[in-house]
Amino acid sequence: MCFHNALSVKAQDLEHRYKAKFNKDSHFEPIYHGYAFGFMLWPVITNKNSKYIQEFNWGLIPSWVKTKNEAQKIRSCTFNAQVETAFEKPSFRNAIKTKRCLIPSTGFFEWQTIKSKKYPYFISLKEQQIFSMAGLWEEWIDKQTGEILQTFSILTTTANPLMEKIHNTKKRMPVILASELETEWLSQTLTNDNILALCQPYNENLMQAHTVSKLYFNRDKFLH
DNA sequence: CCAGACGTTGTT
DNA sequence: GTCTGG
DNA sequence: CCAGACGTTGTT
DNA sequence: GTCTGG
């Protein structure tokens with residue numbers, strides 16, 4: 001599961017890290033806590049255009065969705081996509097073959113449950129401030145208004161031992177790509193097996209986690 | 001045939 | 001768009 | 001964010 | 001009207 005994500009760096013830092021540019025009209029500001037249900041804009045680098053950092057909305061809307069209402073309903077269920085089943089699911093099977101992207105992150109939040117109480121953790125990488133989660137994207141056109149919505153989903157896989165201890169109810173974690181595999185993820189010529197091979201749980205020894213205050217998750221602080 | 005799903009996991 | 005369940 | 005609930009008891 | 005669940 002991955003509903004709480006962070007990208008607490010400047011636009012310029014991202015441009016250096018990915019050797020890609022934001023569009024001129026972008027106003028990216030550091031994101032200290034992004035919550036999926038805000039359907040917020042997030043920087044992504046797609047296989048279609050890796051020279052630019054685009055900003056897509058979190059919550060993938062498949063292209064076959066007919067109405068805004070239906071789109072709103074489905075996108076609250078497509079913040080994450082399980083990689084084990086993504087090749088079969090109608091919502092993801094097209095995207096995982098042809099529309100992959102990198103989701104830049106500086107860390108994400110997960111909850112540990114102990115005796116029915118929940119403790120939030122922040123998880124990041126030891127050696128890279130900015131890393132990439134593996135993502136899928138889609139482009140949806142509202143036939144009523146002509147509006148185009150570009151959206152994305154974060155792939156999840158089974159938790160590694162560190163994440164099993166933290167996210168101890170569902171035991172899932174986002175797919176994290178080693179930096180040297182980012183270009184490969186965006187390649188147009190991968191087989192299904194190649195794609196699955198890139199989506200293994202990340203090495204726990206390269207990750208770090210610490211508890212954080214629940215105050216970070218007060219509704220008022222991260223919605224709007 | 002035709003309506004309905006199509007998806008994931010849950011802080012205060 | 002395509003599959004499933006009734 | 002925004003649609004949907006807003007309630008209780010307890011059979012096949 | 002306000003809270004909750006997705």
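Residue numbering restarts at 1 for every chain, and letters A, B, ... go by the order of the sequence lines.
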Length of the NE2-P vector between A:His33 and B:dT12, whole Å:
13 Å
Take atom CZ of A:Phe79 and atom C1' of D:dC2, then tell me their distance rounded to the nearest Å.
12 Å
Scan A:Phe39 against the nucleic acid and name what it touches under 4.0 Å (heavy atoms): base, sugar-phosphate only, or nothing.
base
Here the distance between atom P of B:dA5 and atom CZ of A:Arg75, to the nearest Å, is 19 Å
Say you pick atom P in D:dG7 and the same atom in E:dG5; how far apart are they, in whole Å?
12 Å
The complete set of ring pair (Phe, Tyr, Trp, His ring centres under 6.0 Å) pairs with one or both residues in residues 176-201 of chain A, sequence neighbours excluded, reads none
Among A:Phe108, A:Phe122, A:Trp111, whose ring-ring contact (aromatic ring centres under 6.0 Å, His included) with A:His4 holds?
A:Trp111
Quick one: the dot-bracket string of DNA chain D, using Watson-Crick and G-U wobble pairs with both distances under 3.5 Å, [ ] for crossing pairs and | for bases paired to another strand.
||||||......
Please identify each residue that fulfils salt bridge (charged side-chain N to carboxylate O under 4.0 Å, His left out) with A:Lys48, with sequence neighbours left out.
none
Spacing of A:Phe108 atom CZ relative to B:dT11 atom P, expressed in whole Å:
14 Å
Give the nucleotide from the list B:dT11, D:dC2, B:dT9 with an atom nearest to the side chain of A:Gln72.
D:dC2
With clusters built from Ile, Leu, Val, Met, Phe, Trp and Tyr whose side-chain heavy atoms come within less than 4.5 Å, directly or transitively, what are the remaining members of the cluster of A:Ile74, listed by chain and number?
A:Ile61, A:Trp64, A:Val65, A:Trp140, A:Leu149
P atoms of D:dG10 and E:dT2, separation to the nearest Å:
34 Å
Take atom NZ of A:Lys89 and atom P of B:dT9, then tell me their distance rounded to the nearest Å.
11 Å
Pick out the pairs of N or O atoms, protein on one side and nucleotides 1-4 of chain C on the other, that lie under 3.5 Å.
{"from": "C:dG1", "atom 1": "O6", "to": "A:Lys66", "atom 2": "NZ", "distance (Å)": "2.9"}

Roughly how far apart, to the nearest Å, are B:dA5 and D:dG4 at atom P?
12 Å
Using whole Å, what does the distance between atom P of nucleotide B:dT9 and atom CG of A:Leu155 come to?
11 Å
Can you list everything that forms a side chain to side chain donor-acceptor pair (under 3.5 Å) with A:Lys143? Sequence neighbours excluded, please.
none
To the nearest angstrom, how far is A:Gln112 atom CD from B:dT11 atom P?
12 Å
Out of D:dC1, B:dT9, B:dT11, minimum distance to the side chain of A:Phe37 belongs to D:dC1
Provide, to the nearest angstrom, the distance between the NE2 atom belonging to A:His4 and the P atom belonging to B:dT9.
13 Å
So the side chain to side chain donor-acceptor pair (under 3.5 Å) pairs with at least one residue in residues 191-208 of chain A (sequence neighbours excluded) are A:Ser124-A:Gln208, A:Thr191-A:Asn194, A:Asn203-A:Asn205
When the aromatic ring centroids of A:Phe39 and A:Phe79 are compared, is their separation below 6.0 Å?
yes
Of all residues at least two apart in sequence or in a different chain, which pass the salt bridge (charged side-chain N to carboxylate O under 4.0 Å, His left out) check with A:Glu55?
none
Tell me, which pairs form a side chain to side chain donor-acceptor pair (under 3.5 Å) where one or both residues lie in residues 89-102 of chain A, sequence neighbours left out?
A:Asn94-A:Glu138
